[in-house]
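The structure under discussion appears below in the form of structure tokens.
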Protein chains: 2
Amino acid sequence: MSEEKREEKRSGRTGGDRVAAICIALRRAIIERALLPGDRLPEDSLGERFGVSRTIARSALGQLAAEGLVDLRRNRIAVVAVPSFEDARDIFDIRVDLERQVVRHLAGKLTEAQVKQLKSMVEAEHQARHGAEGISIRLATEFHVRLAEMTGKPVLIRYVTEICYRAGLSLAVFSRPHSSDCAVSEHLELIEALRTGPVEKACTLMEEHLEAVASRALLQSSGARSRSLMDILAPYAE
Amino acid sequence: MSEEKREEKRSGRTGGDRVAAICIALRRAIIERALLPGDRLPEDSLGERFGVSRTIARSALGQLAAEGLVDLRRNRIAVVAVPSFEDARDIFDIRVDLERQVVRHLAGKLTEAQVKQLKSMVEAEHQARHGAEGISIRLATEFHVRLAEMTGKPVLIRYVTEICYRAGLSLAVFSRPHSSDCAVSEHLELIEALRTGPVEKACTLMEEHLEAVASRALLQSSGARSRSLMDILAPYAE
DNA sequence: GCATTGCAAAATGCATACAGTTTTAGCATG
DNA sequence: CATGCTAAAACTGTATGCATTTTGCAATGC
């Protein structure tokens, strides 16, 4: 019996979905730009890092590929997806439609508790704005995902989440470094519009916000790096 | 371009032509209502039917689960997804947005060859309208998917395809049997509007068409059946 | 009659082995 | 120094085996 198995038994964990755990870790690494588009993701190293076999790592890669975050080519090492400029444009177009639906469902219907939670998330964004760029981007993304979650509509949540992560990945390709991709003030205005109600006002605000985010992504960043996958993922392996 | 190749592009997965082949077969069986919501899909039987190991069957099920066509629960047999009424409503809401984008991209820009191809597809629908109900539904779905493909936008194609299949699955749950879910004449009008051009007219037509499809789905069909998975899939295993 | 228990069969979760392909590294050659 | 060749290393594709969990069903008790 392997070390991991013993650990599992001792901690009482029934082997709760390890594929999902890896997906979550990788999504986070990608959205925080710890993993950049094109970075390689060999099944072996992944499995080793997370203490599972290739089977599990492979399954996680398949899942992420279905979400558009990973590129799989036959007999080739998986890589973090590299969205084309056209892809990025299409992703944002779809994102606008989806998030408009979120706004329509939420405008004027947020509870006090929800408003409070959203504000605290924006506060966290504010705190992080001079720290690591990756954290800011993740927090901004999580704000949008949280909004979707507040609709309570599983299908909408799923698509908004996916498209937000893909948008974040696209920005990693096309936005210049250190451009604040999601202005904190815009999120605050959005909350206010959602709280006070008029649907059209809130929709417009969301559209303008997303269009602004997309517009800020203009220059292409390159940056050859030589980093170790094992090191990058260290903080993400549970 | 072959069906499989298109599939590869759409899902971004080349990993295993065999996985893709099973996905295609199952999608088709589901959209044709040969497989109904709730039907069980054991890895063993699937693998046996398609001549592959459980590994491959399992991977295909994972892919379809990511697309919302299959329900996976830990340690349980996979089943064809059973969308709730709310899911169905949300799926159609998203579908309207996505297909509106398709229309906006295509209106007034279709080539003669494309118009011809679309018309021939509608003709096929017309031919099939008194045959097996499943075939009609599949052809109608393929019409919408083909429209999306004509935009040449991979991201849009992927989401429209997925949402169309999910919509078809939803109709299997909620539409009464023998209600023609996608009127042939509406598809013809749509082609005409796309050909002659005015974007707004075409958009409105698409919205009305999809709203009509959704509206026709009112009663719930039940139907306990005792059928063999092996038999059902016989015509779908290449 | 109906709920409950127990057990064998069935099915999944996961690791691993092996075959086949791609990538890499080293080395010889021009 | 660049280029091409070759063999080893690295990596993926797939099947299979074992452990664990669920399921079907008959026996049991109320």
Side-chain angles (χ1 to χ4, degrees), chain A residues 1-23 26 38-66 70-81 224 226 228-230 233 237-238, chain B residues 4 7-8 11-23 25-26 38-66 70-81 224 226 228-230 233 237-238:
Chain A
M1 182 184 273
S2 72
E3 177 67 29
E4 286 79 12
K5 278 273 165 137
R6 230 188 340 267
E7 164 63 23
E8 204 172 89
K9 287 221 155 175
R10 191 158 47 79
S11 66
R13 263 197 347 173
T14 83
D17 209 338
R18 310 201 247 182
V19 173
I22 297 180
C23 284
L26 287 182
D39 278 0
R40 296 162 152 237
L41 302 167
E43 296 170 1
D44 291 326
S45 330
L46 231 48
E48 190 182 340
R49 167 53 74 192
F50 290 96
V52 298
S53 73
R54 275 209 307 129
T55 306
I56 306 301
R58 185 181 178 78
S59 180
L61 288 172
Q63 168 86 33
L64 293 172
V70 161
D71 240 14
L72 291 181
R73 282 156 49 203
R74 186 172 182 80
N75 286 320
R76 296 266 160 69
I77 299 177
V79 297
V80 177
S226 70
S228 148
L229 178 65
M230 298 295 277
L233 288 180
E238 35 232 291
Chain B
E4 286 75 12
E7 157 65 16
E8 270 176 24
S11 70
R13 289 192 67 159
T14 47
D17 314 303
R18 315 207 227 180
V19 173
I22 296 180
C23 283
L26 288 182
D39 278 1
R40 290 148 74 106
L41 302 168
E43 296 170 1
D44 293 328
S45 330
L46 231 49
E48 189 182 339
R49 166 54 73 193
F50 290 96
V52 298
S53 73
R54 277 209 305 129
T55 306
I56 307 300
R58 187 182 177 78
S59 180
L61 288 172
Q63 168 84 28
L64 293 172
V70 161
D71 248 12
L72 290 181
R73 280 158 50 205
R74 188 177 181 79
N75 285 320
R76 295 248 158 61
I77 300 178
V79 297
V80 177
S226 68
S228 147
L229 178 65
M230 299 293 279
L233 287 180
E238 37 232 291

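Atoms considered below: every heavy atom in the structure, side chains included; atoms not considered: hydrogens, waters and symmetry mates. Remember, it's a predicted structure, so these values are computed and weren't measured experimentally. Numbered from 1 within each chain, the chains take letters A, B, ... in sequence-line order.
To the nearest angstrom, P of C/dT12 lies 15 Å from CD1 of A/Ile56. If you measure from atom CG of B/Asp17 to atom C1' of C/dT21, you get 14 Å, rounded to the nearest angstrom. Taking atom CG of residue B/Leu46 and atom P of nucleotide C/dA10, one finds them 18 Å apart after rounding to whole Å. Remark: P of C/dT24 and CD1 of A/Ile77 are 7 Å apart, rounded to the nearest angstrom. One interatomic measurement links the two molecules: CZ of B/Phe50 to C1' of D/dA15, which rounds to 18 Å at whole-angstrom precision. Summarising the geometry, the separation between CG on B/Asn75 and C1' on D/dT20 is reported as 7 Å, rounded to the nearest angstrom. Computed from coordinates, the A/Leu41 CG to D/dT12 C1' distance equals 14 Å when rounded to whole Å. Between the C1' atom of D/dT14 and the CD atom of B/Glu43 lies a distance of 14 Å, rounded to the nearest Å.
Residue-level contact check: A/Arg76 touches the backbone only, with heavy atoms under 4.0 Å from sugar-phosphate atoms and none from bases.
The side chain of B/Arg40 contributes an N or O atom lying less than 4.0 Å from OP1 or OP2 of D/dG24. Here A/Arg54 does not reach the OP1 or OP2 of D/dA10: none of its side-chain N or O atoms lies under 4.0 Å away. Side-chain N/O atoms of B/Arg58 include none lying less than 4.0 angstrom from OP1 or OP2 on C/dT12. Residue B/Ser53 has a polar side-chain atom (N or O) positioned under 4.0 Å from OP1 or OP2 of D/dA15.
Of all heavy-atom pairs between B/Ile22 and B/Ala60, the closest is CG2-CB, 3.7 Å. Residues A/Val52 and A/Ala57 come closest through the heavy atom pair CG2-N, 4.2 Å.
The side chain of A/Arg18 lies closest to C/dC14, out of D/dA15, C/dT16, C/dC14. Listed candidates were C/dA15, C/dC14, D/dT12. Nearest to the side chain of B/Arg74 is C/dC14.
The one candidate from A/Arg54, A/Arg49, A/Arg76 that meets the salt bridge (charged side-chain N to carboxylate O under 4.0 Å, His left out) condition with A/Glu43 is A/Arg54.
Taking CG from B/Leu72 and CG from B/Leu41, the interatomic distance works out to 9.0 Å, rounded to the nearest 0.5 Å.
Two residues are said to be in side-chain contact when any heavy atoms from C-beta on lie closer than 4.5 Å; B/Val80 and B/Asp71 fail this criterion.
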